[in-house]
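Just so you know, these numbers come straight off a predicted model, no measurement behind them. Just the heavy atoms: all of them, side chains too, but no hydrogens, waters or symmetry mates, feed the values below. Each chain gets a letter, A, B and so on, in the order the sequences are listed, and its residues count up from 1.
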There are 2 protein chains.
Amino acid sequence: MQDLSPQQNAPNGIDEAIVSGILSARIRPGTRLSENQLASLFSVSRTRVREAMMRLEQRGIVKVSPRRGWFVVEPSAEEAIMVYAARRVIEAGLLGSMDRLTESGRDTLHAHLTEEKLAIAAGDRQRLTCLMGDFHIRIAELAGNAILVEILRDLTARTILISLLYQSDFHAMQSHLGHCRIVAAMEEGDFLKAAALSVEHLDEVETGLDLSRRPDPLADLRRSLSLPPQSAAPRTPPTTKPQTRTGE
Amino acid sequence: MQDLSPQQNAPNGIDEAIVSGILSARIRPGTRLSENQLASLFSVSRTRVREAMMRLEQRGIVKVSPRRGWFVVEPSAEEAIMVYAARRVIEAGLLGSMDRLTESGRDTLHAHLTEEKLAIAAGDRQRLTCLMGDFHIRIAELAGNAILVEILRDLTARTILISLLYQSDFHAMQSHLGHCRIVAAMEEGDFLKAAALSVEHLDEVETGLDLSRRPDPLADLRRSLSLPPQSAAPRTPPTTKPQTRTGE
DNA sequence: CTTTTCTGACTTGTATGCAAGATTTGTCGC
DNA sequence: GCGACAAATCTTGCATACAAGTCAGAAAAG
């Protein structure tokens, strides 16, 4: 909708490219990020790539394994729980601290919900993933606090990685309805209700996770060979119905 | 009390040294941080210093002025308002989401309040500044969410910088009492009350700021010459009572 | 004396080179 | 065929060299 944050530092394209890749679920957790490859991709030296990686590490998005390489984080179950808890705290606090919804704010949210509907209708999974995460960021933007927007953006990125790891199946419609309910409460001016709905919504999503599932170390290879994803019962033949995975 | 965060990355001493310097108000906003000086101070090359600076920039603690140098941030009035708003949202949300106070948690908080009292009695300003900020971090630690702890730590650092810029005078006792009230509410098990008190406490501190004051570009020189700090009425002779400034 | 210009000593920005460790792969012995 | 060993080839870690920009102060012009 609007481009990169206005007063925010725009360090270089590398950071945002990676984050954007994660936000749209094009980059999976555990993906290896080679300094050399990124350097030639962006036509810069390793120095700048490393600086970008340092920043992303600070944001909890990548990790370095010493002398082995940089990897997109694979949040543990404990981290996943913390991320959702943090999001509940921040988003509920944010909504609870709001007291009015401006005209343009209402329009922004409606436009967003319409986009969600369109993406669902079109079955555009990548776009949908991105939109589902963006919804919460839009709300933070409405509250006008750039600091919290930035924090939520990083938490959203981690949320998407979590869902890619632990979410076996998900109904996009359910989340969309949750978003609609939150917007409705905001339009009523009942921000405490909106906050409660937000907590409920995040609980719902978190409950849908299977946190007991161990991250599959062979996921990449599996996908490359077009093998079915790891299932709880290894002997079970693959389900014929294609799974719909989204960031939320 | 307990040392560096356990599972957290301990990148190197540079980051923490600077943050610790800010947390104890030994480093003032606007302080120049020369890559070369830091490099020789820590006996490393500029490379590692730069990496540390990049991380600190990501955390909103330092800024780079291109080809001029690195500086500890001097938050603007708008940023100051955002920082306090963010802290209210997070801390209130945190307390509101808690439902019980463990024995050891109670002990930790009591020990902290005792330390605050001791620092006040001893008039140890630096220690007091550090403690005042740490109080809120302790609470986040009690809630057990490492992500929010980290976020609050950075916000606390910025808070201290803000208070150094905009806080002309402050009574440490007032904040200490605020903390005591919050702990009391927690002991009663009334976490909603604690959350409300926390918001009230932060409001109180924010109200005590003079955000209309422009940051004084001559502050460093002034301090070097032992001149009185910039006052609202320039002709007024310096007050004889020494001002007590703390991070909160 | 004031103003302008220029030079030189700083700063960070970026690339590159080399060292050290981890992983893989090829090879040998059995 | 199979396991152990070794070397080749990757990876990041870190220091250094040089490019480029900024600023202060000297020197020259008015």
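- Residues passing the side chain to side chain contact (heavy atoms under 4.5 Å, CB included) test with Q126(B) are R26(B), D124(B), sequence neighbours excluded.
- Each end of the helix from dC1(C)-dG30(D) to dC30(C)-dG1(D) yields a helix axis from five base pairs, and these two axes differ in direction by 20° (to the nearest 10 degrees).
- No side-chain heavy atom of I139(B) sits less than 4.5 Å from a side-chain heavy atom of E91(B).
- The side chain to side chain contact (heavy atoms under 4.5 Å, CB included) test applied to F42(A) returns I14(A), A17(A), L38(A), V44(A), not counting sequence neighbours.
- Remark: A77(A) pairs with L211(A) by the side chain to side chain contact (heavy atoms under 4.5 Å, CB included) rule, at least two apart or across chains.
- A tilted orientation is assigned to the rings of F135(A) and H112(A), their planes being inclined by 30° to 60°.
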Nucleotides 10-20 of chain C: protein proximity per nucleotide (B base, S sugar-phosphate only, - neither; heavy atom, under 4.0 Å): -BBBBBBB-BB
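- For the atom pair L23(B) CG and I137(B) CD1, the distance stands at 6.0 Å (nearest 0.5 Å).
- Applying the side chain to side chain contact (heavy atoms under 4.5 Å, CB included) test to S65(B) and every residue at least two apart in sequence or in another chain returns R68(B), F71(B).
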